[in-house]
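Order of appearance sets the numbers: ligands from 1, and atoms from 1 within every ligand. Quick caveat: nothing in here was measured; it's all calculated off a predicted structure. Side-chain atoms are counted along with the backbone in the values below, which use heavy atoms only and exclude waters and symmetry mates.
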Amino acid sequence: MASETTSGSLLTVLETEHPEWRPLLAVIKEALREAERPQWARFVPALGHSARGGWPLLDGAVINVTPRLVGRWVRHILGIATAAWTEVDPLARRITAGGLDPLLLFESAVSQDVERFHEIALVDRDDHGLLRGLASLIAMPMLQNCRRAWAEQTPTDWAYGYCPICGGWPALAEMRGLAGARHLRCGCCGGDWRTEWLRCPFCGEGEHEKLGSLMSTDKLERETVEVCDRCRGYVKTMTTLSAIRPEHVVLQDLATLVLDVAALERGYRRPAAKGHEVAVSVVAESSRLRGLLGL
Ligand SMILES: [Zn+2]
Ligand SMILES: [Zn+2]
């Protein structure tokens, strides 16, 4: 089963087990590969605050980045994404034809402002959340690098259900190690924060009568779905010995799609909006300035 394999081979396993996902996996693979390119690390913004009071670290960030890096990445991923989602084609064409600034699209993706992303992409309906998923993948190289660069400054006592780094809702939860500590994980930036067992990450409900476990998929109960009857939210939970690699949370999320289906069939949902709004500005870095600074 996919969740028992090492993360490194998970992509291959998913490609083999689900040939129908290959176009989607190709997009995810590119986002993960892009996140490893050293150029992104250079553009991680300096932190302006320490995430106290529930403000994710990304909030207020000003990302000074070369338009060339962003333009190349946005054009590249949109090109690949059109094979997975034909709905993306008009957006890819606008970007290629110069009708839309890639920096603008990138800014809405990094701030995970779904409404703005839809507005910029000229999309009225996104019933299956395809564009929303694409926005996360466009943001992924930047956000994964922010998570790495800010590791020391990320609070360890984060008491909120959304990600302390990017403000997104958790993609899944881990019941980790022999002690079974509960950790929430962010699919976009790879964030990892410990949380209480009996607490809905979405609405904060803590009454056990309102919280339940929907099902287990095998005898060992490695994977379950925790549900909340107050907000009708759900979070997939998997038992792990050690932390899922940050870059592969997005793959584990996909690998456990059967749990999403089970939850949706019972009327539970992942919240549509992101956990906590973050204001992010993406600014075109002047190449002349870079030249003057000797960069
Ligand atoms: Zn995050
Ligand atoms: Zn809830």
field: Test item: Pro45 and Trp150 side chains (from C-beta on) under 4.5 Å apart, heavy atoms
entry: yes
statement: Test side chain to side chain donor-acceptor pair (under 3.5 Å), reference Glu34, set Gln144, His76, Arg72, output is Arg72
- request: Measure from the Zn ion (ligand 1) to each N, O or S atom of Cys189 and report whether any distance is below 2.8 Å.
  value: yes
- prompt: Can you check whether Trp55 reaches Val278 side chain to side chain, under 4.5 Å on heavy atoms?
  reply: no
- line: The angle formed at the Zn ion (ligand 1) by SG of Cys186 and SG of Cys163 is about (to 10 degrees) 120°
- prompt: Can you tell which of Thr154, Asp192, Leu143 makes a side-chain contact (heavy atoms from CB on, under 4.5 Å) with Ile165?
  reply: Thr154
query: Considering residues, nucleotides and ligands other than Arg68, do more than 12 of their heavy atoms fall under 6.0 Å from its CZ?
result: no
- prompt: Would one find more than 12 heavy atoms of other residues, nucleotides or ligands at under 6.0 Å from atom CD of Glu115?
  reply: no
query: Is any protein N, O or S atom closer than 2.8 Å to the Zn ion (ligand 2), and if so, which?
result: Cys200 SG, Cys203 SG, Cys228 SG, Cys231 SG
- prompt: In terms of heavy-atom contacts, does CZ of Arg93 have more than 12 from other residues, nucleotides or ligands at under 6.0 Å?
  reply: no
